[in-house]
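The next block holds one structure in the form of structure tokens; read it before the comments.
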Amino acid sequence: MARLLRIDLSSLTAKSEEVPEAYRKFGGRGLTASILDREVPPACDPLGAQNKLIWAPGLMGGTTAPCSGRMSVGAKSPMTKGIKEANTGGAMAQKLARLGFKAVVFEGEAKEPTTVKIDKTGVSFCSAAPLAGLGCYAIIEKLKGEYGDNACFGCIGPAGDMKLTAASIMFTTPDFHIRVAARGGLGAVMGSKNLKAVVVDDADSNLVEVRDQKKLKEHNSAMSKGVLGTHFLEGLRHLGTPQIVMITQTAGALPTKNFTMGQFDKAESLSGEYMEELLKKRANAETVHACMKGCIISCSNIYTDEHGKFIVASIEYETIALVGSNCMIGDLDMVARINRACNDAGVDTMDVGSALAVAMEGGLLPWGDGEGALKLVQEINAGTENGRMIGSGAKVTGDRLGVKRIPHVKGQALSAYDPRILKGTGVTFATSPQGADHTAGIVLPGPHHPEYSPVQSTGQAPESRFMQKWMAAMDTLGYCMMIGMTFMEEKPKLLHLNVIGALSAVTGETYPDTYVEDLGAEVLRIERKFNRAAGMTSEDDRLPKFFTEEKFGPAQFVFDVSPEEIDTVHEQ
Ligand code: SF4
């Protein structure tokens with residue numbers, strides 16, 4: 001049976017223990033939430049020794065279920081001051097699961113920057129001094145040279161060392177590109193523990209225990225057949241998440257000029273369609289790429305320059321919109337370069353992209369100044385005053401520059417959907433225990449609910465509630481949100497039951513038809529409880545005022561879902 005690995009950085013010791021009963025039914029986000037709820041004082045300093053950093057594969061982690069190798073990274077967030085789960089692809093979850101770990105809990109604080117290695121023989125510690133001062137690309141190269149191709153890595157860059165609130169944790173894919181546990185400043189938590197890098201090598205490890213392989217195979221096949229060919233997924237398989245640029249542009253919901261407009265006149269030059277044409281002509285580029293083994297969608301890409309030189313992998317919709325249109329930067333190559341600089345510093349492109357737009361609104365640099373934005377992001381590594389400000393995200397940057405319109409909830413920048421057009425998504429941004437985040441449950445019109453109108457001011461809370469539960473469950477099971485959302489698009493009941501059947505094949509237990517929603521609801525309850533104890537109230541479940549006051553787009557929409565309706569989201 002999988003075990004819990006506790007690593008005490010204060011004493012540089014580790015112990016593997018039986019998973020306590022209370023944690024057994026969870027994996028991924030549900031497990032990180034449960035451990036935080038039971039073991040971390042909600043009012044503690046997120047950058048103090050009482051906080052814990054948890055890495056947890058989902059319940060399906062390490063199995064052959066499609067797209068099930070995501071990992072949840074959890075801690076109390078220095079950005080939201082509440083509970084946080086940042087979700088990532090890459091190789092880490094599957095390797096930890098194969099080594100027999102349900103989660104790794106990093107506790108205490110090391111005296112010096114430390115690298116931890118985990119493999120079949122146990123846990124070892126060494127000084128991270130050789131990684132000092134390096135950007136994340138150089139750190140990964142160095143680790144790869146030292147530990148070889150079978151290892152995978154999680155590390156922080158200069159932003160994490162400086163404990164900046166937009167610092168992320170960078171993980172490697174099987175082919176050593178970067179995936180990011182981006183949100184909520186969890187890189188700063190890792191930095192506060194003097195944990196610089198973690199190396200995991202699963203050589204000679206066992207396959208994950210599965211009670212009924214035949215049954216799992218049948219459910220896997222049904223899930224894959226069910227989702228392949230759906231509209232959303234086919235778009236992802238050709239254009240990746242950049243396909244969303246023209247969808248939000250057409251809907252008038254593409255963040256532009258710090259959320260003052262919903263359409264950008266250069267949107268086409270940032271679109272997935274444009275990117276596909278461009279990358280097809282470029283050497284060493286790929287328009288479809290998988291960020292982890294077992295992915296049947298491959299929504300990632302490898303972005304190279306006109307000479308075939310690698311820039312970044314993968315460039316995603318959220319980055320394109322928040323660094324591109326929201327800053328009025330219409331040059332995709334420039335957005336890719338800024339993306340790379342963010343990865344090198346080890347920061348969240350969403351919060352930093354949003355911070356750049358806020359800085360433009362505050363007059364620090366002109367709208368559309370790509371070179372200026374790139375230099376500012378590169379200043380994070382140098383630790384200049386402006387670099388530290390931008391690396392701390394939109395809220396800190398806006399407060400520092402006296403900007404009134406800061407698009408954030410609970411201190412975390414909004415993902416790239418304007419809530420005045422997508423009001424159900426706005427309700428999720430407002431009420432998610434995670435702060436404003438697209439992974440918490442965006443609500444989009446689609447074949448699974450053709451009647452849904454995203455611009456209506458009523459009826460949004462139930463839509464948001466359902467999606468928040470669904471995504472919390474997907475994160476707990478370890479499924480990528482791309483397949484998780486597609487599970488609902490067509491024949492939802494059939495797919496839903498296969499998700500439950502696959503879990504049953506792994507554990508040997510039976511679950512009710514309501515399992516997925518019940519699971520999501522329970523995870524949200526735990527997260528809300530933590531946040532309440534940390535001091536949050538319903539006042540924290542609100543969008544910034546400018547979304548409710550500034551009329552937007554040709555139809556002059558505002559975000560007008562009432563506070564009363566918003567407060568019903570977590571009632572059931
Ligand atoms: S669908 Fe995309 S994000 Fe999800 S696992 Fe595959 S490549 Fe990674």
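- When only modelled atom types and interatomic distance are considered, Glu527 and Gln434 share a side-chain donor-acceptor pair under 3.5 Å.
- Heavy-atom neighbours of Lys215 NZ from other residues, nucleotides or ligands within 6.0 Å: above the threshold of 12.
- A side-chain N or O of Asn343 and one of Tyr137 form a donor-acceptor pair less than 3.5 Å apart.
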Step by step, work out the side chain to side chain contact (heavy atoms under 4.5 Å, CB included) result for Val523 and Phe26.
CA-CA 9 Å; Val523 173; Phe26 296 116; 4.1 Å; yes
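- Thr304 and Arg282 share no side-chain donor-acceptor pair at under 3.5 Å.
- Between Leu444 and Leu422 there is a side-chain heavy-atom pair separated by less than 4.5 Å.
- Exactly one residue among Asp212, Thr64, Thr63 makes a side-chain contact (heavy atoms from CB on, under 4.5 Å) with Val506. That residue is Thr63.
- Rounded to the nearest 0.5 angstrom, His238 NE2 and Ser298 OG are separated by 11.5 Å.
- Arg70 has no carboxylate O lying under 4.0 Å from a charged side-chain N of Asp475, or vice versa, which leaves the two without a salt bridge.
- The main-chain N or O of Gly184 is found under 3.5 Å from a side-chain atom of Gln412 such that the two form a donor-acceptor pair.
- A donor-acceptor pair under 3.5 Å is formed between the side chain of Thr248 and the backbone N or O of Ile244.
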Ring pair (Phe, Tyr, Trp, His ring centres under 6.0 Å) for Phe176 and Phe171? Distances and angles first, verdict last.
CA-CA 9 Å; Phe176 297 97; Phe171 290 93; over 10 Å; no
Criterion side chain to side chain contact (heavy atoms under 4.5 Å, CB included) on Asn220 and Leu216, from CA distance to verdict
CA-CA 6 Å; Asn220 289 348; Leu216 177 61; 3.5 Å; yes
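- Looking only at side-chain heavy atoms (C-beta outward), Leu239 and Thr287 stay at 4.5 Å or farther from each other.
- Here the side chain of Asp305 pairs a donor or acceptor atom with the backbone of Gly308 at under 3.5 angstrom.
- Residues Thr241 and Gln243 have side chains that never bring a donor and an acceptor to within less than 3.5 angstrom of each other.
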Salt bridge (Lys or Arg N to Asp or Glu O under 4.0 Å) between Glu218 and Lys214, worked out:
CA-CA 6 Å; Glu218 284 164 12; Lys214 186 168 165 279; 3.4 Å; yes
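- Residues Trp55 and Phe101 have side chains not in contact (no heavy-atom distance under 4.5 Å, counting atoms from C-beta outward).
- With contacts defined as side-chain heavy-atom distances shorter than 4.5 Å, the pair Pro454/Thr425 does not qualify.
- Put simply, the side chain of Ser269 gets close to the backbone of Gly330: a donor and an acceptor are under 3.5 Å apart.
- Side chain of Ser221 to main chain of Lys217: no donor-acceptor pair is present (N/O by atom type, distance under 3.5 Å, no hydrogens or angles).
- With respect to Ser300, the side chain to side chain donor-acceptor pair (under 3.5 Å) criterion is satisfied by exactly one of His289, Arg179, Glu286: Arg179.
- A distance-only check finds no donor-acceptor pair linking the side chain of Lys52 to the backbone of Ile35 [under 3.5 Å].
- At a cut-off of 3.5 Å, with distance as the only test, no side-chain donor of Thr349 or Asn339 sits close to an acceptor on the other residue.
- Using a 4.0 Å cut-off between charged nitrogen and carboxylate oxygen, Lys25 and Glu522 count as a salt-bridge pair.
- Within 6.0 Å of CD in Glu268 there are 12 or fewer heavy atoms belonging to other residues, nucleotides or ligands.
- In this structure, Asp344 contributes its side chain and Cys136 its backbone to a donor-acceptor pair below 3.5 Å.
- Of the possible donor and acceptor atoms, none in the side chain of Ser432 sits under 3.5 Å from a partner among the backbone N and O of Thr428.
- Note on Lys142 versus Glu146: no salt bridge recorded, every NZ/NE/NH1/NH2 to OD/OE distance being 4.0 Å or above.
- Atoms CD1 and CD, on Ile83 and Glu85 in that order, are 10.0 Å from each other to the nearest 0.5 Å.
- Taking OG of Ser415 as the start and CG of Leu322 as the end, the distance is 7.0 Å to the nearest 0.5 Å.
- Between Tyr317 and Tyr417, the ring-plane angle classifies as tilted under the 30° and 60° cut-offs.
- Within a 6.0 Å sphere centred on CG of Asp175, other residues, nucleotides and ligands contribute more than 12 heavy atoms.
- Tyr479 has its side chain within reach of Val499: a pair of non-hydrogen atoms, C-beta onward, lies under 4.5 Å apart.
- Contact annotation: the side chain of Lys95 approaches that of Asn150 to within less than 4.5 Å [non-hydrogen atoms, C-beta and beyond].
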Could you go through Lys120 and Asp204, starting from their C-alpha distance and side-chain angles, then the distance that decides it, and tell me whether this counts as salt bridge (Lys or Arg N to Asp or Glu O under 4.0 Å)?
CA-CA 7 Å; Lys120 186 98 191 276; Asp204 305 320; over 6 Å; no
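- Checked for salt-bridge contact, Asp161 and Lys196 meet the test: a charged N lies under 4.0 Å from a carboxylate O.
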Take Leu186 and Met190 through the test side chain to side chain contact (heavy atoms under 4.5 Å, CB included) and record every step on the way to the result.
CA-CA 6 Å; Leu186 299 192; Met190 191 158 156; over 6 Å; no
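- Between Ser72 and Leu31 there is no side-chain heavy-atom pair separated by less than 4.5 Å.
- Looking at Asp418 and Leu254, their side chains never come closer than 4.5 Å, going by heavy atoms from C-beta outward.
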Let me see the working for Tyr303 and Phe310 under ring pair (Phe, Tyr, Trp, His ring centres under 6.0 Å), right down to the final yes or no.
CA-CA 6 Å; Tyr303 199 103; Phe310 174 76; 9.5 Å; no
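- Between the side chain of Asp348 and the main chain of Ser168, no donor-acceptor pair closer than 3.5 Å is present.
- Atom CD1 of Ile483 is separated from atom CG of Leu228 by 7.5 Å, given to the nearest 0.5 angstrom.
- A donor-acceptor pair is defined here as one N or O able to donate and one able to accept, closer than 3.5 Å; no such pair exists between the side chain of Ser504 and the backbone of Gly508.
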Please evaluate residues Leu332 and Ile315 with respect to the criterion side chain to side chain contact (heavy atoms under 4.5 Å, CB included), reporting the C-alpha separation (whole Å), side-chain torsions for both, the decisive distance (0.1 Å), and the verdict.
CA-CA 10 Å; Leu332 195 55; Ile315 188 165; 4.2 Å; yes
